[in-house]
Amino acid sequence: MDLFSDQVMVSLVKELDAGALRQRVMANNIANVNTPYFKKTVVEFDSLLKKALGREPVEMITTDPRHFGGKPSLAELRPEVSLSKETTMRTDGNNVDIDEEMTNLAANSMQYQAVAKELSERYSGLSYVITGGRR
């Protein structure tokens, strides 16, 4: 049994990576709030994580993990950044809503802190077990 690569630990690390990427993407969106024709970008991760964990139905049954449409591997999971072209907030074509970005920034920050705390507590538990409670 590998203590550092179980499904929960890998999921927490991947969530931290996605949270850091979300923070950079939202900071870029906020920095370009007054740039004409700028289109915001968003990070897609939650649905990919659910699919990798088997929480969402997979459309196609496969017999090999290399087949298209198969369940993605948790270790290979990467957040995806996509351009949001459908909406427009102003007449110049910019679609960054500063209120939405600030709300999402605060929510992402709280989620990142919660995941970091959970991961830290898991490592502390492992440290306690490894050292036998002695420091």
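For the numbers below, each heavy atom of this structure counts, side chains included, while hydrogens, waters and symmetry mates do not.
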Margin query: Rounded to the nearest 0.5 Å, what separates atom CG in Asn29 from atom NZ in Lys39?
Written below: 12.0 Å
Note to self: Between Lys14 and Leu49 (side chain of the first, backbone of the second, donor and acceptor by atom type, cut-off under 3.5 Å), is there such a pair?
What the structure shows: no
Checklist line | Side-chain heavy atoms of Leu12 within contact of Val8, under 4.5 Å | finding: yes
Next item on the list: Would you please name every residue forming a salt bridge (Lys or Arg N to Asp or Glu O under 4.0 Å) with Arg24, sequence neighbours left out?
Entry: none
Check: To which residues is Val33 joined in a hydrophobic cluster, defined by side-chain heavy-atom contacts under 4.5 Å among Ile, Leu, Val, Met, Phe, Trp and Tyr, whether direct or through other members?
Finding: Met26, Ile30, Phe38, Val96, Ile98, Met102, Leu105
Check: Can you check whether Leu74 reaches Ser11 side chain to side chain, under 4.5 Å on heavy atoms?
Finding: yes
Check: Taking only residues two or more places apart in sequence or in another chain, which ones pass side-chain contact (heavy atoms from CB on, under 4.5 Å) with Val81?
Finding: Leu21, Val25, Thr41, Val43
Note to self: Taking side chain to side chain donor-acceptor pair (under 3.5 Å) as the definition, give me every residue that meets it alongside Thr35, ordered by chain and number, with sequence neighbours left out.
What the structure shows: Asn32
Notebook entry, point to check: Got a sec, which residues hit salt bridge (Lys or Arg N to Asp or Glu O under 4.0 Å) with Lys40, two or more places apart in sequence or on another chain?
Noted result: Glu100
Item checked: Nearest heavy-atom neighbours spanning Ala52 and Leu77 -> CB-CD2, 4.4 Å
Check: Can you name the side chain to side chain donor-acceptor pair (under 3.5 Å) partners of Asp17, sequence neighbours left out?
Finding: none
Check: Going by the salt bridge (charged side-chain N to carboxylate O under 4.0 Å, His left out) test, which pairs reach into residues 87-99, not counting sequence neighbours?
Finding: Arg90-Asp92
Next item on the list: Not counting sequence neighbours, which residues clear salt bridge (Lys or Arg N to Asp or Glu O under 4.0 Å) with Glu15? List them please.
Entry: Arg22
Next item on the list: Could you identify which residues cluster with Leu83, counting Ile, Leu, Val, Met, Phe, Trp and Tyr as linked when any side-chain heavy atoms lie under 4.5 Å apart, either directly or through a chain of such contacts?
Entry: none
Checklist line | Residue pairs fulfilling side chain to side chain donor-acceptor pair (under 3.5 Å) with at least one residue in residues 77-86, sequence neighbours excluded | finding: none
Next item on the list: For Glu118, check salt bridge (Lys or Arg N to Asp or Glu O under 4.0 Å) against everything at least two apart and list the hits.
Entry: Arg122
Check: Can you hop from Phe45 to Val42 via hydrophobic side chains spaced under 4.5 Å?
Finding: no
Checklist line | Tyr123 atom OH: more than 12 heavy-atom contacts under 6.0 Å | finding: yes
Next item on the list: Working to the nearest 0.5 Å, report the span between CD of Gln113 and CG of Leu16.
Entry: 11.0 Å
Checklist line | Atom pair OG/CG of Ser109 and Asn104 - distance to nearest 0.5 Å | finding: 12.5 Å
